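Everything on this sheet refers to the single structure shown next.
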Amino acid sequence: MRFVLSIFLAATVAIPSLSAQQGAGSVEPPAGARVVLQAKGEGVQVYGCASGANGFAWALQGPDARLLDAVGKQIGTHFAGPTWKLNDGGQVQGALIASEASPDAGSVAWLLLRAKAGTATGSMAEIAFIRRTETHGGVASKTQCATASDAGKTVRVPYTATYTFYAAQ
């Protein structure tokens, strides 16, 4: 009986672990995707204060960031769309696939995005997925958007992130 109970307990522990690794909300790119480019994003997340169903809240208008290579040289920009554009003119827009909370409290979520059809051009033409990780900052303070007098205000919240661009198999 103890043996059967031990097997049951081991299976009970292993099943949640397995499902956590294979969760639908994972920001990991699909198997076989290969890294084409990695860049540091450094800039701000821009929010506007607006009235909603639950009172006033910040609505993301988009990022305004520089893309930097490994030595800190600017190689492009990141802006609303969301869009990433390199200095050579190559660009891509993304559509959200998955999101997970950043392990760094007060930081924007980690994301996995799929390249929107027909938007990957030039040197970014083979990009199929974009991943945002290692985020720091970028979340607007709730206290700055709480009343009707705050409506229409805009804030620019500093953030950094790592953007990894992937080609499909």
Side-chain angles (χ1 to χ4, degrees), residues 19-20 23-30 35-124 127-166:
S19 64
S26 173
V27 297
E28 291 299 316
V35 175
V36 173
L37 173 69
Q38 190 169 66
K40 179 178 181 179
E42 187 174 88
V44 296
Q45 294 285 336
V46 182
Y47 297 89
C49 182
S51 176
N54 297 323
F56 291 89
W58 291 113
L60 180 65
Q61 295 176 343
D64 181 9
R66 300 177 308 137
L67 296 175
L68 309 172
D69 67 11
V71 296
K73 179 182 173 196
Q74 184 171 347
I75 59 170
T77 57
H78 176 38
F79 51 93
T83 304
W84 295 263
K85 184 174 184 176
L86 297 181
N87 292 344
D88 67 8
Q91 71 176 29
V92 64
Q93 289 184 350
L96 184 64
I97 296 174
S99 174
E100 67 183 47
S102 172
D104 185 27
S107 297
V108 290
W110 291 16
L111 307 175
L112 179 64
L113 303 104
R114 176 182 308 283
K116 288 182 184 177
T119 68
T121 63
S123 61
M124 302 287 270
I127 302 303
F129 302 97
I130 305 102
R131 185 169 67 148
R132 178 177 78 185
T133 57
E134 300 173 33
T135 57
H136 300 286
V139 175
S141 167
K142 292 178 186 194
T143 60
Q144 296 176 324
C145 178
T147 67
S149 64
D150 296 325
K153 284 185 180 177
T154 300
V155 294
R156 297 170 64 83
V157 184
Y159 89 106
T160 61
T162 297
Y163 290 100
T164 308
F165 301 86
Y166 297 87

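One is the number of the first residue; the rest follow in order along the sequence. Computed from a prediction, not measured in an experiment: that's the story for all the values here.
- Between atom CZ of residue Arg114 and atom CD1 of residue Ile127 there is a gap of 13.5 Å, rounded to the nearest 0.5 Å.
- Residues Ala151 and Phe56 share a closest heavy-atom pair of CB-CE2, 3.7 Å.
- Counting heavy atoms from C-beta on, the side chains of Tyr166 and Pro30 never come closer than 4.5 Å.
- Summarising the geometry of Ala98 relative to Val27, their closest heavy-atom pair is O-CG1, 3.9 Å, with the distance given to 0.1 Å.
- His136 and Ser107 get closest at one heavy-atom pair: CA-OG, 3.3 Å.
- Side chains of Val139 and Val108 form a contact here, defined as non-hydrogen atoms less than 4.5 Å apart.
- For the atom pair CH2 (Trp58) and SG (Cys49), the distance works out to 5.0 Å, reported to the nearest 0.5 Å.
- Annotation for Thr121 and Gly89: closest pair OG1-O, 4.2 Å, computed over non-hydrogen atoms.
- One distance of note links CD of Gln61 with CD of Gln45; it measures 11.0 Å at 0.5 Å rounding.
- Of the inter-residue distances, the one linking Tyr159 atom OH with Asp64 atom CG reads 9.0 Å to the nearest 0.5 angstrom.
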In sequence, state the C-alpha distance, the side-chain angles, and the governing distance for Glu28 and Arg131, and then conclude on side-chain contact (heavy atoms from CB on, under 4.5 Å).
CA-CA 8 Å; Glu28 291 299 316; Arg131 185 169 67 148; 3.0 Å; yes
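- Here the closest heavy-atom approach between residue Arg132 and residue Ala109 is recorded as NH2-O, 2.7 Å.
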Show the numbers, then the answer: is there a side-chain contact (heavy atoms from CB on, under 4.5 Å) between Asp150 and Gln144?
CA-CA 7 Å; Asp150 296 325; Gln144 296 176 324; over 6 Å; no
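- Looking only at atom types and distance, the side chain of Glu42 has no donor-acceptor partner in the side chain of Thr160 under 3.5 Å away.
- A donor-acceptor contact shorter than 3.5 Å links the side chain of His78 to the backbone of Thr83.
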Any chance you could lay out the side-chain contact (heavy atoms from CB on, under 4.5 Å) test for Ile75 and Leu37, step after step, and finish with the verdict?
CA-CA 11 Å; Ile75 59 170; Leu37 173 69; 4.2 Å; yes
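- Taking OH of Tyr163 as the start and CD1 of Ile130 as the end, the distance is 10.5 Å to the nearest 0.5 Å.
- Two residues are said to be in side-chain contact when any heavy atoms from C-beta on lie closer than 4.5 Å; Phe165 and Leu86 fail this criterion.
- Side-chain atoms of Tyr47 come within 3.5 Å of backbone N or O of Gly138 as a donor-acceptor pair.
- Glu134 and Thr162 share a side-chain donor-acceptor pair at under 3.5 Å.
- Side-chain atoms of Thr154 and Val46, non-hydrogen and from C-beta on, do get closer than 4.5 Å to each other.
- Here the closest heavy-atom approach between residue Lys85 and residue Phe79 is recorded as CB-CE2, 3.9 Å.
- In this structure, CG in Asn87 is found 7.5 Å from OG1 in Thr77, a value given to the nearest 0.5 Å.
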